[in-house]
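Reckoned from all heavy atoms, side chains included, excluding hydrogens, waters and symmetry mates. Treat the numbers as computed from the prediction; the structure is a model and nothing was measured.
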Amino acid sequence: MTALTWLNTQAFEVFGQKVIWSDMIGNLMGLAALALGWRRSIWTWPAQLLSGLILVAAYASAHLAGGVGKQLLVISVAVWGWRAWQLGRQKAQDGSIAVRTATWKERGLLLAGAAAGTLAVGGLFTLFPNLSWSPWADAYIFVGTIVAMVAQARGLVEFWFAWLLVDLVGVPLAFNSGLAFSGLVYVVYFALVLWGAYDWYQRSRTTPATALEGATA
């Protein structure tokens, strides 16, 4: 049995839902990445990179092309975010990653990018139904995750709110896709996101607005 085959075998069953190894391990790594992000640890990016690699197998097994594509982009953005945080690491007052609230221009760009991206990806999935059985929800999560990670890489508090909006759709889609562990982890994400948003906002009030100028794309 190959490693990929083993990752897509059943680990256990809960509430009548089968949980596969790739779904469980990948999401636990994703949860660790989010917790590390809350702590403003640069290790959040290697954790997201590993999570993305493992979740490619999980989404492929559920025939969710958007999920597979999202994880491939997660891997790419994780590499970029890792580099961005390395450049901005020494800018924070306590030696950790500096965070700030976005400007209105940045918020507008993030919203516009999310809307345009969702329309484009959702349209693609609609034209090619074999790519996803739930095209618009899949596209929304696909684009929303990328927007959240871009905001995180730039040290923006708003990244937590982007994750919150992704979770609202991600929970029901995961359960309906047979990825029960993903659904359960999304519920934990929700609580961690609220906690992280509060912590980052409090820290942003004492962080200079130019803290991450050296970490721009």
Q: On the six-membered ring of Trp80, is Arg83 placed so that its NZ or CZ lies under 6.0 angstrom from the centre and within 45° of the ring axis?
A: no
Q: Apply the test side-chain contact (heavy atoms from CB on, under 4.5 Å) to residues Trp82 and Thr44: give CA-CA distance (whole Å), side-chain angles for both, the deciding distance (0.1 Å), then the verdict.
A: CA-CA 8 Å; Trp82 195 351; Thr44 183; over 6 Å; no
Q: Using the test ring-ring contact (aromatic ring centres under 6.0 Å, His included), find all partners of Trp160 that sit at least two apart in sequence or belong to another chain.
A: Trp200
Q: I'd like to know if Arg100 pairs up with Glu106 as an ion pair, taking the criterion as any Lys NZ or Arg NE/NH1/NH2 lying under 4.0 Å from an Asp or Glu carboxylate oxygen.
A: yes
Q: Supply the atom-to-atom distance Thr118 OG1 to Ile141 CD1, rounded to the nearest 0.5 angstrom.
A: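 Between Thr118 OG1 and Ile141 CD1, I get 10.5 Å after rounding to 0.5 Å.
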Q: Distance from Thr145 atom OG1 to Gln71 atom CD, nearest 0.5 Å?
A: 7.5 Å
Q: For Gln152 and Gln48, does a side-chain donor sit closer than 3.5 Å to a side-chain acceptor?
A: yes
Q: Tell me if a side-chain donor or acceptor on Ser51 pairs with a main-chain N or O of Ala47 at a distance below 3.5 Å.
A: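 Judged by distance alone, no pair lies under 3.5 Å.
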Q: Taking atom CG of Leu192 and atom CG of Leu164, what is their separation to the nearest 0.5 Å?
A: 11.5 Å
Q: Enter the distance from Leu194:CG to Asp199:CG here, rounded to the nearest 0.5 Å.
A: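 The distance works out to 13.0 Å.
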Q: Nearest 0.5 Å please: distance from the CD1 atom of Ile146 over to the CG atom of Leu110.
A: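 Between Ile146 CD1 and Leu110 CG, I get 12.5 Å after rounding to 0.5 Å.
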Q: Can you classify the ring geometry of Trp45 versus Trp85 as parallel (below 30°), tilted (30 to 60°) or perpendicular (above 60°)?
A: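 It falls in the perpendicular class, over 60°.
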Q: Report the distance from atom CZ of Phe161 to atom OH of Tyr201, rounding to the nearest 0.5 Å.
A: 9.0 Å
Q: Counting distance only, does the side-chain N/O of Ser41 pair as donor-acceptor with the main-chain N or O of Leu36 below 3.5 Å?
A: no
Q: Could you walk me through whether Leu156 and Val99 pass side-chain contact (heavy atoms from CB on, under 4.5 Å), step by step?
A: CA-CA 6 Å; Leu156 303 179; Val99 298; over 6 Å; no
Q: Could you label the plane-to-plane angle of the Phe125 and Phe142 rings as parallel, tilted or perpendicular, counting under 30° as parallel and over 60° as perpendicular?
A: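 Correct class here is perpendicular.
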Q: Could you walk me through whether Leu34 and Trp163 satisfy the side-chain contact (heavy atoms from CB on, under 4.5 Å) test, starting with their C-alpha distance in whole Å, then the side-chain angles of each, then the deciding distance to 0.1 Å, before giving a yes or no?
A: CA-CA 10 Å; Leu34 197 62; Trp163 269 122; 4.0 Å; yes
